[in-house]
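Since this is a predicted model, take the numbers as computed values, not measurements.
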Amino acid sequence: MNPLLHTNRRIIARLLVLLLIVALMAACGKENEAVSSGENGAAEAEKSVTIIRNFKAASLDPHNSWETLRAGIVETLVRLDENLEVTEWLATKWEAIDEVTWLFTIREGVTFQDGSILDAAAVKASFERGILASGVLAGSLKIASMEADGNKLTVVTTEPHPALPSELVNPYASVISVAAEQVMGTEAFNLAPIGTGPFKVVHFTPNIEAELARYEGYWDGPAKLNKVIYKFNEDSYVRALALQSKEADIVYSVPSETVATIEQDQALHVESIAGLRVHYLLYNQQKPVMADVSVRQAIDLLLNRESIAKDILLGNGTPATGPFNSSLPFGIKEAAAEAKPQLALKLLENAGYKRNASDKLEKDGKELVLELATYGARPELPLIAQLLQSDAAKIGVTINISTVENADAYIRENKDWDIVTYSNLSAPRGDGGYYLNSAFMPGGSLNGTNVENKAVMAVVNKLNATSDVAERVKLTKEAVSLVLEDVTHSYAVYPNLIVGMNNRVTGWKPGPEEYYIVTNLMDVK
């Protein structure tokens, strides 16, 4: 194991023990209070769970936040099933009438949480609202016009769009009651949106928590729980402690080094499942140093994917071969690239960098110093940054690390960074088109550095006009090959989705798509 990682783990372990003692003491106090109130004749306790997510949510506007769908407040026309295939949800049927025209049949008998009826006109109004509220949604749906007739919604796109059904899996395409927003006002609505899901918002404190109550009129049957506390906390160790102290029942993104400790408690367990996420390095090619493909290639060769999977994730992940997990039809099946620091050094020397008196690489009198930003909501990312920093120093490359709160905002608002450790669900809709369009096309939601690779763009344009599944797989692989050749990004590891759970929770398990968290089937013993 890398000595730096070992030292960090010892420090974290000591802090964890201290914090655990404090948390357990606090939990005991709360437990006594609950017993006391019960003995004084309080009503029977509600069936509820507390969930902690690893990212903050300042708003519940479903057209700009995934958490609203995850929390069971809203739903989309279609969803992914357990095989990651598109299946019905608020729509029961859809068909392509011609290259640009689609007909969706909206499920009958569905009501919004204010009791109003869901029909095609309500879906149309929701999509119109979403397109205005979210440039991401507008770009992915490519809707030119819509026509509503009872429960039939006709959608005409601006160009042939065979991937439209899978794009409607997008949480930003969630259906809300625009009529309710007009009554409440947008500001109030975004704190308590009215959707069709099994739970409605009772109270929302931005970036802290949402209190949810069962919607008795839910179309698929009332939820088994009557209350959910849906919290947000970006500190991974605080999340782990909350699970251990029984203050939370389900905790997302548990640090790998806490898994063994958690599972020593017979009341708890950890689900570690292969997901659709990839951790990777973003390069800022707007900076002259990173515009040099030799520098990007060198950093890629320094990336020790095997150590990241083994020593940082402790086996809860696999080395990455590209943006898409190798288990997917369009994933790369070959072994992941090995770290080759000496070849990285040779590439940089060929690019004009030479050792100076301080044993640092420099070019034209300027040392090779790279600014790397990371964030703690995903606990592995800072450790990946530190490992890269350590290995780069061995060949004379200096990497300065800074920790930011919101990586997406930082990427777009700052131009002085060279590298960002990043993470994304690269195939959340069972298809490669979402990621390729988002990360490599102009205006894409993941293309914060405005990368324009003409060859990649040409292949993605072909992909967007192709409906045949086999041909889409072929084109996706072709685009990925070009991305890897250009080293637009460096893909590090496919992390498992690590979720800590209290055994009292039944009827639920995490899914690799990370979309559907709060459901009507979730229950407690």
Establish, from distance only, whether the side-chain atoms of [X] and [Y] form a donor-acceptor pair under 3.5 Å.
X      : Y      : answer
Lys152 : Thr105 : yes
Ser423 : Arg277 : yes
Asp81  : Thr87  : no
Arg378 : His279 : no
Thr449 : Tyr283 : no
Tyr218 : Gln113 : no
Gln286 : Trp417 : no
Thr488 : Asp486 : yes
Ser327 : Asn325 : yes

Can you tell if the side chain of [X] reaches within under 4.5 Å of the side chain of [Y], non-hydrogen atoms only?
X      : Y      : answer
Asn496 : Leu313 : no
Ile51  : Val228 : yes
Val201 : Ile73  : yes
Ile308 : Glu380 : no
Trp102 : Pro165 : yes
Thr76  : Leu90  : no
Glu85  : Leu80  : no
Val518 : Tyr230 : yes

Pick one: which of Tyr172, Trp66, Trp89 meets ring-ring contact (aromatic ring centres under 6.0 Å, His included) with Tyr515?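 It is Trp66, the one option of Tyr172, Trp66, Trp89 that forms the ring-ring contact (aromatic ring centres under 6.0 Å, His included) with Tyr515.
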
Under 3.5 Å, is there a donor-acceptor pair between the side chain of [X] and the main chain of [Y]?
X      : Y      : value
Lys246 : Gln244 : yes
Asn437 : Gly433 : yes
Thr68  : Leu60  : yes
Ser174 : Pro171 : yes
Thr205 : Ile208 : no
Thr321 : Ile332 : yes
Asn170 : Leu137 : no
Arg53  : Tyr252 : no
Asn151 : Ile106 : yes
His161 : Ser140 : yes

Which distance, rounded to the nearest 0.5 Å, do you find between the [atom1] of [X] and the [atom2] of [Y]?
X      : Y      : atom1 : atom2 : answer
Met457 : Leu482 : CE    : CG    : 12.5 Å
Glu247 : Ile52  : CD    : CD1   : 7.5 Å
Leu164 : Ile143 : CG    : CD1   : 6.5 Å
Glu128 : Met146 : CD    : CE    : 4.5 Å
Ile273 : Leu497 : CD1   : CG    : 5.0 Å
Glu99  : Ser467 : CD    : OG    : 8.5 Å

Got a sec: does the [atom1] of [X] have more than 12 other heavy atoms crowding it under 6.0 Å?
X      : atom1 : value
Lys415 : NZ    : yes
Glu95  : CD    : yes
Asp149 : CG    : no

Check this for me: does any side-chain nitrogen of one of [X] and [Y] sit under 4.0 Å from a carboxylate oxygen of the other?
X      : Y      : value
Glu471 : Lys462 : no
Lys474 : Glu478 : no
Glu271 : Lys509 : no
Arg107 : Glu88  : yes

Over all heavy atoms of both residues, which pair between [X] and [Y] is shortest? Give the atoms and the distance, please.
X      : Y      : answer
Ala58  : Phe204 : O-CE2, 3.8 Å
Asn502 : Leu243 : N-CD1, 4.0 Å
Val254 : Gly500 : CG2-N, 3.5 Å
Pro495 : Val278 : CD-CA, 4.0 Å
Ala240 : Pro255 : CB-CD, 4.2 Å
Leu225 : Ser48  : CD2-N, 4.1 Å

Do Glu452 and Phe440 pass the side chain to side chain contact (heavy atoms under 4.5 Å, CB included) test, and can you show the C-alpha distance, the side-chain angles, and the key distance before you say yes or no? CA-CA 7 Å; Glu452 288 194 14; Phe440 304 107; over 6 Å; no

For Thr111 and Tyr215, run side chain to side chain donor-acceptor pair (under 3.5 Å): C-alpha distance rounded to whole Å, both residues' side-chain angles, the deciding distance at 0.1 Å, then the answer. CA-CA 10 Å; Thr111 60; Tyr215 172 46; 2.5 Å; yes

Just grab all the side chain to side chain donor-acceptor pair (under 3.5 Å) pairs involving residues 114-123, residues at least two apart or on different chains.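 Residue pairs passing side chain to side chain donor-acceptor pair (under 3.5 Å), neighbours aside: Asp114-Ser116.
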
Can you list the steps and then say if Val155 with Trp94 is a side chain to side chain contact (heavy atoms under 4.5 Å, CB included)? CA-CA 10 Å; Val155 177; Trp94 53 95; over 6 Å; no

Just grab all the salt bridge (charged side-chain N to carboxylate O under 4.0 Å, His left out) pairs involving residues 425-447, residues at least two apart or on different chains.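 Residue pairs with at least one partner in residues 425-447: Glu167-Arg429, Asp431-Arg472.
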
Under 30°, 30 to 60°, or over 60°: which ring-plane class applies to Tyr280 and Tyr422, parallel, tilted or perpendicular?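 The rings of Tyr280 and Tyr422 stand perpendicular, inter-plane angle above 60°.
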
Partner residues of Ala470 under the side chain to side chain contact (heavy atoms under 4.5 Å, CB included) criterion, sequence neighbours left out: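 Applying side chain to side chain contact (heavy atoms under 4.5 Å, CB included) to Ala470 gives Asp468.
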
Evaluate Met184 against Glu181 for side chain to side chain contact (heavy atoms under 4.5 Å, CB included), listing each step before the verdict. CA-CA 5 Å; Met184 297 168 63; Glu181 180 184 19; 5.9 Å; no

Steps toward side chain to side chain contact (heavy atoms under 4.5 Å, CB included) verdict (Asn520, Lys224): CA-CA 6 Å; Asn520 63 324; Lys224 297 180 183 299; over 6 Å; no

